[in-house]
There are 2 protein chains.
Amino acid sequence: MGLTKTEIFTDEQNRLAVMLKALAHPARIAILQQIINANACICGDLSIELGLAQATISQHLKELKTAGLIQGTIEGVSVCYCIEPKNWEMLKQQLNSFLNLVDVKANCC
Amino acid sequence: MGLTKTEIFTDEQNRLAVMLKALAHPARIAILQQIINANACICGDLSIELGLAQATISQHLKELKTAGLIQGTIEGVSVCYCIEPKNWEMLKQQLNSFLNLVDVKANCC
DNA sequence: ACTATTAATCGTAATATTGCGATATAATAA
DNA sequence: TTATTATATCGCAATATTACGATTAATAGT
């Protein structure tokens, strides 16, 4: 096979998985941290600062954008990327309610 | 290529990415939810409840275990899986401090 | 010892991801 | 118009992931 059976899971499970997948790469975590610190939100700058080829960074940015975690604004020749606040907040909430399901003291085994 | 360049990222970025990768699949999210609700922490039960083959569930459980998110205790013929509280708490903290970096009102573009 | 029962592992096919060089596209500047 | 600059996309090779049937291993019950 090699294809996730999304149809047997709930929309919420699938949505959360998509967001987490976008986060689940050190390069994309690093990109987001850079964007948040606002030292660099331009593809070329990120490429230099992280030490990955421009094409690679562009691809990671696309994935983050597709997942809805960032948005891009055209600024002349370059594009300024920043966090998409609504979805970021949504992810935060969904993740929190998921992670807080665990009752640390009551473990089954 | 096809190989993540882990050496150019920090240990923290890599560790977080590994944990998130383990979470980033609807089947594994579903498995964790089932384990947390304690209706089923046995591989066979999960297989029936989720509608995935036993081999598939076992593989997902292994990934969750390797990432440190769950632990397994042998109980006769079967194995009882439950959340690994320490790492779960660690993930919660690391994710929180990462997600809270964003200042919603101050966006760069 | 024999037989269920349960889980792990092996092997395999289909597909996805990662990274990069090369090229294409789009917008400003001269 | 022609360069220049910045980003996106294409095409590729190497590797990883996903799912499952079949097999193996380990324990429990008879």
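Every chain is numbered from 1 and lettered A, B, ... according to where its sequence line falls, protein lines coming before strand lines. Remember, it's a predicted structure, so these values are computed and weren't measured experimentally.
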Between [N] and [X], is there an OP1 or OP2 to side-chain N/O distance shorter than 4.0 Å?
X      : N       : answer
Y81(B) : dT6(C)  : no
S58(B) : dA7(C)  : no
T4(A)  : dT18(D) : no

May I ask you to say what [X] touches in the nucleic acid, namely base, sugar-phosphate or nothing, with a heavy-atom cut-off under 4.0 Å?
X      : answer
A53(A) : sugar-phosphate
S78(B) : sugar-phosphate
I74(B) : nothing
L52(A) : sugar-phosphate
V77(A) : base

So the salt bridge (charged side-chain N to carboxylate O under 4.0 Å, His left out) pairs with at least one residue in residues 63-73 of chain B (sequence neighbours excluded) are R28(B)-E63(B)
With a 3.5 Å cut-off and just heavy-atom distances, do the side chain of Q59(A) and the base of dA8(D) make a donor-acceptor pair? no
### Message
Using only atom types and a distance under 3.5 Å, with no angle test, would you say the side chain of N87(B) pairs donor to acceptor with the backbone of L69(B)?
### Response
no
Residues of residues 9-25 of chain B with a heavy atom under 4.0 Å from any atom of DNA chain D, listed by number, are K21(B), H25(B)
Between H60(A) and G76(A), whichever has its closest DNA chain C nucleotide further toward 5' is H60(A)
DNA chain D nearest-nucleotide lookup for Q54(A) and T6(A): closer to the 5′ end is Q54(A)
*Just say parallel, tilted or perpendicular for the rings of H25(A) and H60(A), cut-offs at 30° and 60°.*
tilted
Go through the steps to decide whether K92(A) and N100(B) satisfy the test side chain to side chain donor-acceptor pair (under 3.5 Å), and finish with yes or no.
CA-CA 8 Å; K92(A) 225 158 83 174; N100(B) 285 325; 3.1 Å; yes
